[in-house]
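Data block below; observations after.
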Amino acid sequence: MQLELGPFPAAEVKGWSRLHRRLAVELRSVSEVEQTQVGEDLLNCWSSFVDTLDTHCRACADEFRWTHPLDDDDAEFLLHGLDRCLRSPVTKKAVTPEELSAHAGFTLHIVESLTTALLAEGRRCEHYLDEARSLLQS
């Protein structure tokens, strides 16, 4: 499948990347007992995705646009993982409501883009978009 992100303000994408890198550090720093929702494979997958977006964003001027082929299973793993991260008690402690709100726009953009691409491939995943909207607007 083809994943298309943007147009989106590059400054917002850079801020989103910083937040998600910090969150990955927080999630990796907790004990296994505390962290039952987000595993190392998921953190590695998201970290790689964030790094790729950030690298591309640094080459952008003011507007971020990115198109890249992505395996359907990887896309669904990212969606599932984001849902788990947003629900994680660690995330709720590490990310303030103001930070969550400030970066909700790009997070929803990613979820919408992944969902749209997966739907085009015949994968049913609308529930991820509904869940993300609910979690980010509360």
Side-chain angles (χ1 to χ4, degrees):
M1 65 175 243
Q2 197 74 1
L3 178 62
E4 295 184 23
L5 297 175
F8 219 87
E12 289 186 40
V13 178
K14 289 174 188 172
W16 179 91
S17 296
R18 280 190 303 276
L19 174 67
H20 282 269
R21 281 196 175 111
R22 191 186 91 221
L23 182 55
V25 169
E26 293 285 340
L27 289 165
R28 283 187 169 98
S29 71
V30 298
S31 70
E32 286 184 38
V33 173
E34 292 177 289
Q35 189 48 276
T36 58
Q37 290 185 305
V38 182
E40 193 65 28
D41 287 347
L42 176 58
L43 288 171
N44 290 339
C45 184
W46 261 103
S47 292
S48 177
F49 184 71
V50 169
D51 288 346
T52 299
L53 295 183
D54 190 52
T55 298
H56 179 73
C57 188
R58 293 193 184 286
C60 299
D62 296 326
E63 186 177 83
F64 172 84
R65 287 180 185 266
W66 185 68
T67 302
H68 192 75
L70 188 63
D71 178 78
D72 295 6
D73 290 333
D74 291 343
E76 197 159 352
F77 186 60
L78 287 169
L79 278 173
H80 174 72
L82 180 58
D83 182 62
R84 293 182 73 120
C85 285
L86 289 173
R87 294 175 184 283
S88 168
V90 175
T91 299
K92 291 177 182 177
K93 289 180 191 173
V95 179
T96 67
E98 294 79 20
E99 288 174 313
L100 194 61
S101 177
H103 299 290
F106 190 64
T107 302
L108 284 173
H109 180 68
I110 289 173
V111 173
E112 288 170 349
S113 297
L114 287 166
T115 301
T116 299
L118 283 166
L119 287 171
E121 297 294 319
R123 304 282 280 263
R124 306 307 311 173
C125 58
E126 301 93 332
H127 61 285
Y128 290 118
L129 183 53
D130 295 337
E131 289 296 318
R133 283 184 179 136
S134 172
L135 289 167
L136 292 168
Q137 294 171 354
S138 55

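In this structure, the side chain to side chain donor-acceptor pair (under 3.5 Å) partners of D54, at least two apart in sequence or on a different chain, are R21, R58. Listed by chain and residue number, nothing satisfies the side chain to side chain contact (heavy atoms under 4.5 Å, CB included) test with D62 (two or more places apart in sequence, or in another chain). Take H68 and apply the ring-ring contact (aromatic ring centres under 6.0 Å, His included) test, not counting sequence neighbours, and it matches W66. For E40, the side chain to side chain donor-acceptor pair (under 3.5 Å) criterion is met by R28, not counting sequence neighbours.
Applying the salt bridge (Lys or Arg N to Asp or Glu O under 4.0 Å) test to every pair with at least one member in residues 97-108, sequence neighbours left out, gives these pairs: R22-E99.
Here the OG atom belonging to S134 is positioned 11.0 Å from the CG atom belonging to L129, to the nearest 0.5 angstrom. Atom CG of L114 is separated from atom CG of D72 by 11.0 Å, given to the nearest 0.5 angstrom. Rounded to the nearest 0.5 Å, atoms NE2 (H80) and NE2 (H127) are 9.0 Å apart.
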Handout entry: Candidate pair L100 and K92, rule side-chain contact (heavy atoms from CB on, under 4.5 Å), full reasoning
Key = CA-CA 9 Å; L100 194 61; K92 291 177 182 177; over 6 Å; no

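Looking at E112 and R133, a side-chain N of the basic residue comes within less than 4.0 Å of a carboxylate O on the acidic one, giving a salt bridge.
Residues F64 and L53 are in side-chain contact: their nearest non-hydrogen atoms beyond the backbone lie under 4.5 Å apart. Between L119 and R124 there is a side-chain heavy-atom pair separated by less than 4.5 Å. Counting only heavy atoms from C-beta outward, the side chains of L27 and W46 never approach each other to under 4.5 Å. Side-chain contact between L118 and Y128 is absent, with no heavy atoms from C-beta onward closer than 4.5 Å. Within the 4.5 Å cutoff, side-chain heavy atoms of L135 are placed close to those of D83.
Of the possible donor and acceptor atoms, none in the side chain of T116 sits under 3.5 Å from a partner among the backbone N and O of S113. Without hydrogens or angle criteria, T55 side chain to D51 main chain gives a donor-acceptor distance under 3.5 Å. Checked by atom type and distance alone, the side chain of H56 pairs as donor or acceptor with a backbone atom of R65 at under 3.5 Å. Within the 3.5 Å criterion, the main-chain N or O of N44 finds no donor-acceptor partner in the side chain of S48.
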When the side chains of residues 3-18 are checked against the rest of the protein, which donor-acceptor pairs come out under 3.5 Å, sequence neighbours left out?
from : atom 1 : to   : atom 2 : distance (Å)
W16  : NE1    : H20  : NE2    : 2.9
W16  : NE1    : T107 : OG1    : 2.9
S17  : OG     : V13  : O      : 3.0

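Here the shortest heavy-atom pairing between C85 and T91 reads O-OG1, 2.6 Å.
Screening L78, L86, L79 against L82 for a side chain to side chain contact (heavy atoms under 4.5 Å, CB included) leaves a single residue, L86.
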